[in-house]
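Note that the structure is a prediction, hence the values are computed from the model and not measured.
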Amino acid sequence: MTDDTGTADGRETTEEARGTADGREPTGDRGAAATERAGALPGPLVGADWLAERIDRTDVVVLDSSVGAHRGSGRRIPGARRFDLDGALSDHTAPLPHTMPGAGRFAEEMRTLGIDDVSTVVVYDTVGIYSAARAWWMLRAMGFDRVAVLDGGLPAWTAAGMPVEDRAPGGSARTGDFTARPRDGMLVGSGAVAAALADPGAAVLDARSRERFTGDGAEPRPGLRPGHMPGALNLPFGKIQRGGRMLPAHELRSVFRALAGERERLVVSCGSGVTACVLALGAELAGYRAVSVYDGSWSEWGRPSHLPVETGEPG
């Protein structure tokens with residue numbers, strides 16, 4: 001498997017109709033009702049049992065965010081809708097793949113999927129944990145905290161004996177009232193990455209395979225230079241999973257500490273900003289709170305440019 005990888009639109013809502021950007025539960029009768037129906041998320045990950053107990057509730061929305069060849073699966077978790085990273089949920093006017101769309105466009109797509117400000121959203125993919133983390137991070141970056149990743153994705157769901165539908169994920173029959181409230185610093189550009197590389201209190205982690213990181217393996221996208229950013233550290237995203245599920249929090253902390261030491265500020269990168277979000281998910285589970293995803297990732301840094309590249313094992 002290879003890494004296939006604004007501002008708000010001005011729509012007004014009341015405080016009762018939305019959660020706050022700092023992750024507190026929504027207030028007012030509507031927010032309280034939603035909390036009572038779905039229950040508070042246990043964290044950024046949920047298991048198949050947790051979802052199965054709540055999947056029939058009207059305030060729970062399940063999204064399939066599979067990409068590439070995995071997008072074509074003809075099966076879905078019952079009622080799942082398509083979070084289309086290969087389609088409308090990337091900015092195709094940008095020169096790089098999987099670029100985050102603007103806040104207005106993102107909000108419009110979430111409303112099309114029937115997502116409200118008080119919805120509880122669970123995202124999954126058909127691999128395990130691959131592109132689902134990207135959808136989770138995008139929603140978080142737009143100020144929406146009522147979202148979690150299904151640990152192990154569709155394989156874990158079916159292994160638990162849960163039902164599937166023999167049809168591809170679709171849309172929604174109703175329009176939601178989702179409001180985008182973009183957060184600064186969750187998705188960053190090359191300038192912020194260069195600053196992090198020079199910052200002794202920050203670590204830049206690259207989720208690509210070791211072979212691509214050292215330059216010994218070919219890049220899947222033509223025209224990109226082999227190698228890595230000078231000073232970056234390599235943590236292939238599969239190293240923080242076991243059997244398609246995330247490692248326990250204490251193991252994740254050990255893995256990140258072994259690379260980043262005592263540095264608490266992390267910037268994560270990959271090929272196109274997709275599997276970098278698996279590292280962001282792992283970092284959050286491990287207790288890190290200052291994490292950014294490099295949206296352009298190697299698709300931008302690796303292009304012929306002034307940005308420095310080195311090959312081989314880090315010194």
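- Criterion: ILVMFWY side-chain heavy atoms under 4.5 Å apart, direct or through other members. Under it, Leu197 and Leu235 are not part of a common hydrophobic cluster.
- To the nearest 0.5 angstrom, Leu187 atom CG is 8.0 Å from Met138 atom CE.
- Side-chain contact between Val61 and Leu113: absent, with no pair of heavy atoms (C-beta onward) separated by less than 4.5 Å.
- Of all heavy-atom pairs spanning Val309 and Pro226, the tightest one is CG1-O, 3.1 Å.
- Closest of all the heavy-atom pairs between Ala48 and Leu150 is N-CD1, 3.8 Å.
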Requested in this report: Kindly determine whether Arg181 and Asp117 satisfy side chain to side chain contact (heavy atoms under 4.5 Å, CB included), including the steps that lead there.
Outcome: CA-CA 11 Å; Arg181 299 179 296 275; Asp117 287 327; 4.1 Å; yes
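- At least one side-chain heavy atom of His98 sits less than 4.5 Å from a side-chain heavy atom of Asp86.
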Query raised in the report: Checking salt bridge (charged side-chain N to carboxylate O under 4.0 Å, His left out) for the pair Glu251/Arg257: CA distance, chi angles, key distance, verdict?
Result: CA-CA 10 Å; Glu251 292 187 39; Arg257 282 292 192 201; over 6 Å; no
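- Minimum heavy-atom separation, Pro308 to Trp301: O-NE1, 2.7 Å.
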Requested in this report: Show your reasoning for whether side chain to side chain contact (heavy atoms under 4.5 Å, CB included) applies to Arg134 and Leu85.
Outcome: CA-CA 9 Å; Arg134 173 70 179 184; Leu85 281 168; 3.7 Å; yes
Query raised in the report: Are Asp64 and Phe83 close enough, and set up right, to give a side chain to side chain contact (heavy atoms under 4.5 Å, CB included), and what steps lead you there?
Result: CA-CA 6 Å; Asp64 183 330; Phe83 188 100; over 6 Å; no
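- Between His228 and Phe213, the angle of the ring planes stays under 30°, which puts this pair in the parallel group of the 30/60° scheme.
- When side chains are defined from C-beta on, Ser269 counts as touching Met229, because their heavy atoms get closer than 4.5 Å.
- When atom types are taken as modelled, the side chain of Asp59 and the backbone of Val118 share no donor-acceptor pair closer than 3.5 angstrom.
- Judged purely by atom type and a 3.5 angstrom limit, Ser292 uses its side chain to pair as donor or acceptor with the backbone of Gly185.
- To the nearest 0.5 Å, atoms CG (Asp49) and CG (Leu51) are separated by 9.5 Å.
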Report task. Evaluate the side-chain hydrogen bond (donor to acceptor under 3.5 Å, both in side chains) criterion for residues Ser66 and Arg82: first the C-alpha distance (whole Å), next the side-chain angles of each, then the deciding distance (0.1 Å), finally the verdict. Result -> CA-CA 8 Å; Ser66 302; Arg82 171 77 69 193; 5.1 Å; no
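- The pair Asp116-Arg174 meets the salt-bridge criterion, since a charged nitrogen lies less than 4.0 angstrom from a carboxylate oxygen.
- A salt bridge between Asp145 and Arg140 is present, with a side-chain N of the basic residue lying under 4.0 Å from a carboxylate O of the acidic one.
- Between Arg71 and Asp84, at least one side-chain N (NZ, or NE/NH1/NH2) sits under 4.0 Å from a carboxylate O, which counts as a salt bridge.
- For Ser90 (side chain) and Gly87 (main-chain N/O), no donor-acceptor pair under 3.5 Å exists by modelled atom type.
- No donor-acceptor distance shorter than 3.5 angstrom exists from the side chain of Trp137 to the backbone of Val278, with no hydrogens or angles considered.
- At distances below 3.5 Å, at least one donor-acceptor pair connects side-chain atoms of Asn234 with backbone N or O atoms of Asp206.
- Within the 4.5 Å cutoff, the side chain of Glu300 has no heavy atoms near those of the Pro95 side chain.
- Between the side chain of Thr275 and the main chain of Gly271, no donor-acceptor pair closer than 3.5 Å is present.
- Going from atom CH2 of Trp157 over to atom CZ of Arg76 covers 12.5 Å, rounded to the nearest 0.5 Å.
- Val149 places a side-chain heavy atom less than 4.5 Å from the side chain of Leu281.
- Rounding to the nearest 0.5 angstrom, the gap separating the OG atom in Ser65 from the CG atom in Leu139 is 9.5 Å.
- Salt-bridge annotation for Glu313 and Arg210: present, with a side-chain N of the basic residue lying under 4.0 Å from a carboxylate O of the acidic one.
- Both Val291 and Leu279 belong to a common hydrophobic cluster when Ile, Leu, Val, Met, Phe, Trp and Tyr are linked at side-chain heavy-atom distances under 4.5 angstrom.
- Atom-to-atom distance recorded for Glu219:CD and Leu224:CG is 5.5 Å, nearest 0.5 angstrom.
- Side chain of Gln241 to main chain of Ile129: a donor-acceptor pair is present (N/O by atom type, distance under 3.5 Å, no hydrogens or angles).
- Nearest heavy-atom pair, Leu233 versus Arg263, reported as atom, atom and distance to 0.1 Å: CD1-NH2, 3.7 Å.
- Across all non-hydrogen atoms, the minimal contact from Val121 to Phe144 is CG2-CE2, 3.7 Å.
- A chain of hydrophobic side-chain contacts below 4.5 Å, direct or via other Ile, Leu, Val, Met, Phe, Trp or Tyr residues, connects Trp136 to Leu285.
- Side-chain atoms of Asp125 come within 3.5 Å of backbone N or O of Ser131 as a donor-acceptor pair.
- Both Leu259 and Ile240 are members of a single hydrophobic cluster when ILVMFWY side chains are connected at heavy-atom separations under 4.5 Å.
- Residues Asp216 and Thr311 form no side-chain contact, since every pair of their non-hydrogen atoms from C-beta on lies 4.5 Å or further apart.
- What you find for Trp298 and Arg225 is that their closest heavy atoms are NE1-O, 2.9 Å.
- Taking 4.5 Å as the limit, some side-chain heavy atom of Tyr288 sits within range of a side-chain heavy atom of Phe256.
- Val255 and Val267 fall into different hydrophobic clusters, where Ile, Leu, Val, Met, Phe, Trp and Tyr side chains are chained together by heavy-atom contacts under 4.5 Å.
- Note that Arg54 lies in the cation-pi zone of Trp50, set by a 6.0 Å cut-off to the ring centre and a 45° limit from the axis.
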Query raised in the report: So Arg303 and Leu96, side chain to side chain contact (heavy atoms under 4.5 Å, CB included) or not? Walk me through it.
Result: CA-CA 10 Å; Arg303 293 187 301 174; Leu96 304 171; 4.1 Å; yes
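- Remark: Arg75 does not engage Glu165 in a salt bridge, criterion side-chain N to carboxylate O under 4.0 Å.
- Ile55 is listed as a side-chain neighbour of Ile77, based on a closest heavy-atom distance under 4.5 Å.
- Between the side chain of Thr175 and the main chain of Thr112, no donor-acceptor pair closer than 3.5 Å is present.
- Because its NZ or CZ atom is not both nearer than 6.0 Å to the ring centre of Phe237 and within 45° of the ring axis, Arg208 does not count as a cation-pi partner of that residue.
- In terms of modelled atom types and a separation under 3.5 Å, the side chain of Arg81 and the main chain of Leu63 share no donor-acceptor contact.
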